[in-house]
Number of protein chains: 2
Amino acid sequence: MPAQMPAIPWHKPRKADPRQPLSRSLIVETAIRVLDAEGLSGVTMRRVAQELGTGPASLYAHVSNKEELFELMLERVVAEIRLPLRPEPERWKEQITEICFEAQRVLTAHRDVSLVSLGSIPIGESQLRITEFLLDLLLQVGLPPQVAAWALDGLGQLIDTDAYEASVYTERMARGTDLGAYFDQLRGYLHDLPTDRFPTLQGMADTMMTGDGDQRYAFKIEVFLRGLESFLPAEARTGASAGAGTGAGAGTWAPADRAGLVSDGPGWHGAAGGSGRAGGSERADDSGPAGG
Amino acid sequence: MPAQMPAIPWHKPRKADPRQPLSRSLIVETAIRVLDAEGLSGVTMRRVAQELGTGPASLYAHVSNKEELFELMLERVVAEIRLPLRPEPERWKEQITEICFEAQRVLTAHRDVSLVSLGSIPIGESQLRITEFLLDLLLQVGLPPQVAAWALDGLGQLIDTDAYEASVYTERMARGTDLGAYFDQLRGYLHDLPTDRFPTLQGMADTMMTGDGDQRYAFKIEVFLRGLESFLPAEARTGASAGAGTGAGAGTWAPADRAGLVSDGPGWHGAAGGSGRAGGSERADDSGPAGG
DNA sequence: TTCTTCGAACGAACACTGTTCTACGAGTCG
DNA sequence: CGACTCGTAGAACAGTGTTCGTTCGAAGAA
């Protein structure tokens with residue numbers, strides 16, 4: 001808060017704080033401020049009310065529930081997700097990947113919110129805006145309507161789940177857990193598994209732990225999109241389709257180049273000392289494909 | 001509770017209840033009983049303690065946390081998931097689909113538990129057992145190790161998220177919401193969307209609402225598996241691979257035949273007049289094979 | 001101007017929550 | 001027999017979401 005002029009003493013001296021009256025949007029904004037500062041579990045009616053200089057009961061005049069408040073918060077957050085200007089069917093996979101990463105950037109920028117998203121049907125205006133865009137894109141690509149509709153479902157789950165998982169790790173780290181040590185420990189645990197009962201897993205401990213959150217996320221998106229691609233009717237397939245041929249060996253696979261839209265600043269990725277989800281948290285400064 | 005004999009008055013009249021002493025597993029079992037009866041939010045330390053005829057403080061001698069208790073509960077639940085006798089690489093997609101449905105069956109049979117699973121790394125013994133099986137299977141199919149490893153991640157998220165979403169609807173229905181009416185309302189809402197801003201979505205309202213939870217789940221699994229298939233090196237591809245050619249038109253796509261293990265009838269579909277994800281837990285008595 | 005009305009604001013309270021402190025009591029070891 | 005553990009609990013602390021009943025301030029009616 002910047003310096004503020006003192007209240008003129010003879011103007012309504014009775015009420016010291018010239019705060020604006022309560023309103024739905026003011027409450028939601030305040031709640032989001034608390035969310036960003038202390039995580040979703042820190043957003044309590046009392047905490048929000050206190051931030052507004054009032055009591056918890058006052059909030060119930062504008063918001064019927066804590067659940068409703070949460071959903072309003074989610075809507076406001078989702079509204080921050082930016083979309084490309086228009087669908088470009090010829091590079092639909094790249095475009096969807098970009099949107100997925102943009103969504104994850106925004107969601108994880110607000111701590112835990114994705115948990116709210118996980119359990120609710122996305123019918124808010126902002127959510128529908130994204131749905132509309134993706135649906136349009138998928139239809140233009142040539143996917144059958146039913147496939148496109150159901151694909152949105154899966155895509156939404158993918159985004160939400162990954163954002164939530166990422167936030168869980170961020171929260172855990174914010175509470176003092178050293179993720180680097182934790183993952184090393186985990187790797188050791190996998191490595192020490194009894195060979196007779198877990199022969200495959202035990203031998204692949206390192207492979208299981210490879211890759212940070214972004215890499216894994218990109219992989220999942222790519223798998224889903226390739227799967228979607230296989231539902232394209234024969235006549236809708238362009239030559240660019242990675243489809244069947246480009247089998248990609250183990251290490252040779254690389255996440256789609258995420259240029260454009262997502263290229264704003266370092267974002268959360270590097271900031272907190274490493275990976276979103278797994279492995280090598282010591283690589284905070286890696287210049288990877290992601291940053292801008 | 002069946003009728004119970006009254007305690008013989010002159011046998012230890014001091015302590016009326018001849019209950020067995022507290023123990024970790026007894027607490028976990030009791031907690032799961034409460035979970036099944038009242039959902040995850042009903043599992044409170046006080047409630048579990050009360051069920052055991054004691055106070056909440058007594059639990060902390062065996063369980064360090066509510067969080068730890070939840071994870072112990074998850075482990076016990078996941079242990080119920082049955083696996084096929086051995087990997088059958090020649091029908092890997094069917095087998096994975098079966099496992100996914102079996103997992104969902106078990107998870108949703110215990111209300112909310114999947115929420116616990118969503119935020120934790122699956123390192124319990126039972127979870128690793130499943131991981132080991134799937135990893136073995138995927139490697140036998142010929143997937144590159146790194147792809148197989150990361151695929152497990154995605155598969156786990158798919159299972160957990162879908163189970164959680166299903167449970168959310170079940171819980172909501174248990175609280176009295178009529179899902180049929182709710183989805184009709186939702187369909188109407190989509191249909192009434194302003195045509196200028198949501199042209200695609202508005203016209204596809206019905207398509208968006210088509211399909212029950214199982215169908216959508218099967219679709220997502222199929223997409224993921226087809227995507228995975230595209231990572232098979234050329235030499236590992238059998239003729240059976242649906243891969244590129246069998247493009248499937250709009251309505252012609254059908255979920256993979258879920259024989260054996262998952263062969264439980266119509267499920268809840270008819271009940272709520274449509275889509276969604278909830279319901280039909282009334283078929284717990286299916287005699288599926290797959291045991292072992 | 002005065003009176004009524006009505007919804008927003010809010011203090012207090014209710015019934016909960018997870019967790020900890022501390023005392024009690026039985027069992028075992030020396 | 002005393003000392004010493006350790007599982008069992010009662011009570012309490014600091015919170016939680018939500019509701020009740022009241023107050024208050026401004027707008028509309030007389």
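What's counted below: heavy atoms across the whole structure, side chains too, no hydrogens, waters or symmetry copies. Just so it is clear: chains get the letters A, B, ... in the order the sequence lines come, proteins before strands, and each one is counted from 1. Note that the coordinates shown come from a computational prediction; the quantities given were computed from them, not determined experimentally.
- Contact of the B:Leu115 side chain with the B:Val168 side chain is not registered, since no non-hydrogen atoms from C-beta on lie closer than 4.5 Å.
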Close N/O contacts between protein and nucleotides 11-15 of chain C (under 3.5 Å):
unit_1	atom_1	unit_2	atom_2	d
C:dA13	N6	A:Arg46	NH2	3.2

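- The minimum heavy-atom distance between B:Leu193 and B:Gln202, with the atom names listed, is O-CG, 3.3 Å.
- With rounding to whole Å, B:Glu67 atom CD is found 14 Å from C:dT19 atom C1'.
- Rounded to whole Å, atom P of D:dG7 lies 17 Å from atom OH of B:Tyr60.
- From A:Ile27, atom CD1 reaches atom CD of A:Glu51 across 13.0 Å, with rounding to the nearest 0.5 Å.
- One interatomic measurement links the two molecules: CG of B:Leu40 to C1' of C:dT17, which rounds to 14 Å at whole-angstrom precision.
- Remark: B:Asn65 is in phosphate contact with C:dT19, judged by side-chain N or O atoms under 4.0 Å from OP1 or OP2.
- Taking atom CD of residue B:Glu38 and atom P of nucleotide C:dC16, one finds them 12 Å apart after rounding to whole Å.
- Spacing between atom CG of A:Leu59 and atom C1' of D:dT18 amounts to 11 Å, rounded to whole angstrom units.
- For B:Gln50 and D:dA9, the CD to C1' distance is 15 Å, given to the nearest whole Å.
- For A:Glu102 and A:Arg105, the salt-bridge test passes: some basic side-chain N is under 4.0 Å from an acidic carboxylate O.
- Of the residues near DNA chain D, A:Arg47 and A:Ser64, the one whose nearest nucleotide (by heavy atom distance) lies more toward the 5' end is A:Arg47.
- Atom CE of A:Met45 is separated from atom C1' of D:dG17 by 8 Å (rounded to the nearest Å).
- Atom NZ of A:Lys66 and atom C1' of D:dG15 are 12 Å apart (whole Å).
- Here the closest non-hydrogen pair linking B:Ile130 and B:Leu83 is CA-CD1, 4.0 Å.
- Phosphate contact (OP1/OP2 of C:dA9, side-chain N/O of A:His62, threshold under 4.0 Å): present.
- Partner of B:Arg24 under the salt bridge (charged side-chain N to carboxylate O under 4.0 Å, His left out) criterion, out of B:Glu29, B:Glu75, B:Glu68: B:Glu68 alone.
- The two residues A:Leu74 and A:Ser117 come nearest to each other via the heavy atoms CD2-CA, 3.7 Å.
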